[in-house]
Structure formats: C-alpha cells, structure tokens
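All residue numbers in this chain count up from 1 along the given sequence. Order of listing sets the numbers, starting from 1, for every ligand and every atom in it.
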Amino acid sequence: MKSVSILGATGSIGQNTIDLIARSPDAYRVVALTGGRNVEKLADDARRLKAAIAVTAEPALYAELAERLEGSGVEVAAGPQALVEAASRPADWTMSAIIGSAGLEPGLAAIGNGATLALANKESLVCAGPLLLSEAKQAGARILPVDSEHSAIFQALVGEDMAAVERITITASGGAFRDWPEERLAEATAAEAATHPNWSMGQRITIDSASLFNKAMELIETHEFFGVPSSAIDAVIHPESIVHAMVAFRDGAVLAHLGFPDMRHAIGYALNWPDRLALPVPRLDLVKLASLTFRDADERRHPALRLAREVMDAGGLSGAAFNGAKERALDLFIEGRITFPTMAAIVERVLDRLSASGDLAGAMTIEAVRDIDERSRRLADEAAAER
Ligand code: NAD
Ligand code: MG
C-alpha cells in the first residue's frame, strides 16, 4: 500500500489525482488532504478516502470543516502552519497542487520526508528552483514533474544523456485569444480569458494560458528542472494540444510526446513511476485528427515569453519577482481593475525596479524568496496605480 498526500486536493489537479486514487482504494492509504475555501468538497473527499487529516488553509473555516467531519475519525486543522505540518507528515508520494507561491513551503515540507513529490505547482520552481532542488537532494527526495509539458520532456529523456540534448521545445495552445487581433486584447474580460480551447483547468492557470504567462512560467520551469540554458529552450503555438513537448538531440533525432489533453496522464505517470500502468485517458486517433499544426510563438505579441527569457538569464531571485508580480497583476485583472495587456506591462515594471536596485541578486533563501514575493506584489499595486 502506498501512502499519499494531496496538497490542493480540492482544485483541478487535486480532483484529477483523487479520481485516479479512488479507482484503486486498496492500493492507497491517504495521509493528508488540503484545500482552501471549499471545505464541503474537502470534507466529502476526506471522509470518502478515509484521510488521516484534512486541512483548510483558511483559519476562519476550521469550525465548519470540523463540523462536517464530526464522527469520521479524520483529524482536522486549519491555517498555513497547519498545512505545512500536515505536508511534513510521512507519505510515500505527495501531490503538490496548491496554486501560486503559497505552494512553495508545503512542498518544501513534503520534500523533507525524503519521499516523492509530484510537482504540479510550477510556481515553486519559478520562485525557488535551486532551493527546491537542493533541498530534495539533501533529503534524498525525488521530484517528478506533473505539468504536462514537463512530464512529456521527462518521459522523452528516459535513458538519455543530457549532454546529447540540443533543444527542448514546449507547446502552447495559444489560449482563449490565439485568434484575436492584437488590438482587441485591451477589451478582453476575465470571463473571456478563463475559457480554454483544449484543457479543463483552474481559473487562474486558464487566464495565464491566454496571456501566455503560463507558458512563460513553463519555460522557466524547464530551465530550472532540466538545467538547460534559455538559448536551448523555446515554445511553439500548437492549437491542437496533442504534442506536449519535443526534445531534439545532437544526432538530429527529435523525440516528441503525444497524447490527448487530459492531466490524468501526467498525474498517473508520476503516481505509477517508474512503472507505466494503464490509465483511464482517451486514446489518440491520428487519422481522425488528420493534421497537427504549429506556428511561431511571437515574443512581441506575447511579452510574457520575452520576460521569461530575461528571468532565465538573470537567475537569482528574479523568478520570485516575476511570479509575485504576475500573481498580483492577475488578481487585478480578475477584479477588473487593469486591462489584459497591462498584466505584462506591470510585471516588466516590477522586474525593472527590483533589478535596478540590485535586490534580485541576493542569495536564495526561503526568507529572501518570501520577501521578494511580498515586495513584488506591493510594487505591482504601485505600478497599477501609476497607470
Ligand atoms: P485550482 O485553482 O483548481 O486549485 C488550487 C488548489 O489550491 C485548491 O485546492 C485550493 O483550495 C488551493 N489553494 C488556493 N489558494 C491556496 C492557499 N493560499 N493556500 C493553500 N491552498 C490554496 O488550481 P489548479 O488548476 O489545480 O492548479 C494547481 C497547480 O497545478 C498550479 O500550480 C498550476 O499551475 C498547476 N498546473 C495545473 C494544471 C491544470 O490542468 N489545472 C496543469 C498543469 C499545472
Ligand atoms: Mg502545462
């Protein structure tokens, strides 16, 4: 029996993970399930999966969660500290699927056990890649990528020598606005941005797909996780979302990973690794698809991609600033306070200000990451007010 914890259990990735686990109840023992405001779903799943502990990040929701789980035998806790404590409880496999930089510290706590961390929370690699990887090394923990592109790269690299890798290309669907004329983007609403042509995901990552900030984060994620320089990483627009990533080798061969867009593939691969077991995902029919198309991901139309390249090259704490400013700019866009293109303008402004002051060159500690995260959010508010 494998013991598992799911951080961010009530979200899109968390629910897909639960879907897989619930199909084999005898194979898993659930340790911790964590969530945010949706305590109803959290309580239902904790009861159904007989979790040892359920934690909501919201201290004010403790009483409601406790009431819903009364008599179930599931331990209940609330608040960010309780979440970190639950994440640090021994489990063979932990899914890190909290959204945003809030996932960093629980992820680090899980790594402390020296077991396996299935990493969907790309923000932790963007904010603190070197820290996360060195902590994992020290603890003897293994990190398995769950982002579909990174799972695809990981699979293409099995048995390969990194020295033979010439280039890594990740694909982008292009998001909700891929066929919009650029002039129209200033009128785009959050509701329009939150519809995805191919993938069913949480609201925030769906809007990040439309702005290509999600792809920008994934370029940085590729750089951090696989240790490849920015000059050897790129993104292409692939509207069908069938090819997830391609690895080109020095002998001219390219290994691509194809699959129907369903996150249960990447989650299941990480859950079963190193085995490859059957998964309940739709099968590909290339004849039915007939064609796969690709086009250039124009870095002028998509400033997020250009900024990601700057972040990869600058290193240090620039990823934490990029992510913090992006998360805040996204809040402001969702609240209807800034336009869609203003998000990238704000992130650029915050990066410029913090790098000009030399503050992004400091040593990477969890305190420094937290400090830059907070400051970049404040600076994003200031930049929005100046506009
Ligand atoms: P989501 O918004 O659907 O779910 C987020 C989860 O985190 C929920 O359980 C929520 O309650 C919890 N949460 C939110 N704020 C929190 C906080 N401050 N503290 C603790 N918990 C909090 O998000 P999602 O789409 O499932 O994405 C989760 C992560 O996986 C993100 O990092 C995202 O980039 C990544 N990812 C998602 C997909 C996808 O298909 N949805 C694909 C690739 C990567
Ligand atoms: Mg992805």
Applying the side chain to side chain contact (heavy atoms under 4.5 Å, CB included) criterion to [X], which one of [options] satisfies it?
{"X": "Leu219", "options": "Glu224, Glu149, Met312", "value": "Met312"}
{"X": "Met246", "options": "Leu255, Thr171, Ile168", "value": "Thr171"}
{"X": "Val55", "options": "Val84, Thr34, Leu42", "value": "Thr34"}

For [atom], what is the closest protein heavy atom, and at what distance to 0.1 Å?
{"atom": "atom 25 (O) of ligand 1", "value": "Gly202 N, 3.1 Å"}
{"atom": "atom 44 (C) of ligand 1", "value": "Asp147 OD1, 3.5 Å"}
{"atom": "atom 15 (N) of ligand 1", "value": "Ile99 CG2, 4.1 Å"}
{"atom": "atom 34 (O) of ligand 1", "value": "Lys122 CE, 3.1 Å"}
{"atom": "atom 29 (C) of ligand 1", "value": "Ile98 O, 3.7 Å"}
{"atom": "atom 19 (N) of ligand 1", "value": "Ala57 CB, 3.5 Å"}

### Query
By atom name, which N, O or S atom belonging to Glu218 lies closest to the Mg ion (ligand 2)?
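Atom name returned: OE2.
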
Backbone, side chain, both or neither: what part of [X] comes under 4.0 angstrom of ligand 1, heavy atoms only?
{"X": "Met263", "result": "side chain"}
{"X": "Ile205", "result": "side chain"}
{"X": "Glu123", "result": "side chain"}
{"X": "Ala102", "result": "side chain"}

Provide the number and element of each atom of ligand 1 under 4.0 Å from a heavy atom of [X].
{"X": "Met201", "answer": "39 (C), 40 (O), 41 (N)"}
{"X": "Leu83", "answer": "20 (C)"}
{"X": "Gly35", "answer": "11 (O)"}
{"X": "Ala120", "answer": "30 (O), 32 (O), 35 (C), 36 (N), 44 (C)"}

### Query
When you draw lines from the Mg ion (ligand 2) to OD1 of Asp147 and to OE1 of Glu149, what angle lies between them, to the nearest 10°?
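Vertex at the Mg ion (ligand 2): approximately 100°.
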
### Message
Can you tell me which residue among Arg178, His196, Glu240, Lys215 is in a side-chain hydrogen bond (donor to acceptor under 3.5 Å, both in side chains) with Ser173?
### Response
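Answer after filtering Arg178, His196, Glu240, Lys215: His196.
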
Residues [X], [Y]: salt bridge by 4.0 Å N-O rule:
{"X": "Arg378", "Y": "Asp381", "answer": "no"}
{"X": "Asp331", "Y": "Arg204", "answer": "yes"}
{"X": "Glu382", "Y": "Arg349", "answer": "no"}
{"X": "Lys326", "Y": "Glu123", "answer": "no"}
{"X": "Asp19", "Y": "Arg23", "answer": "yes"}
{"X": "Asp44", "Y": "Lys41", "answer": "no"}

Out of [options], who is nearest to [atom] when you count heavy atoms only?
{"atom": "atom 6 (C) of ligand 1", "options": "Ala97, Gly103, Gly79", "result": "Ala97"}
{"atom": "atom 38 (C) of ligand 1", "options": "Leu7, Ile13, Thr10", "result": "Ile13"}
{"atom": "atom 24 (P) of ligand 1", "options": "Ser209, Ser12, Gly107, Gly36", "result": "Ser12"}

### Message
Using 0.5 Å steps for rounding, measure from the CZ atom of Arg387 to the CD1 atom of Ile338.
### Response
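So the CZ of Arg387 and the CD1 of Ile338 are separated by 8.0 Å.
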
### Query
Is the distance between the ring centroids of Trp199 and His265 under 6.0 Å?
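Judged by ring-centre distance (under 6.0 Å), Trp199 and His265 do not meet the cut-off.
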
### Message
Any nitrogen or oxygen of Gly11 lying under 3.5 Å from a nitrogen or oxygen in ligand 1? Just yes or no.
### Response
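The answer is yes, given that Gly11 and ligand 1 share an N or O pair closer than 3.5 Å.
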
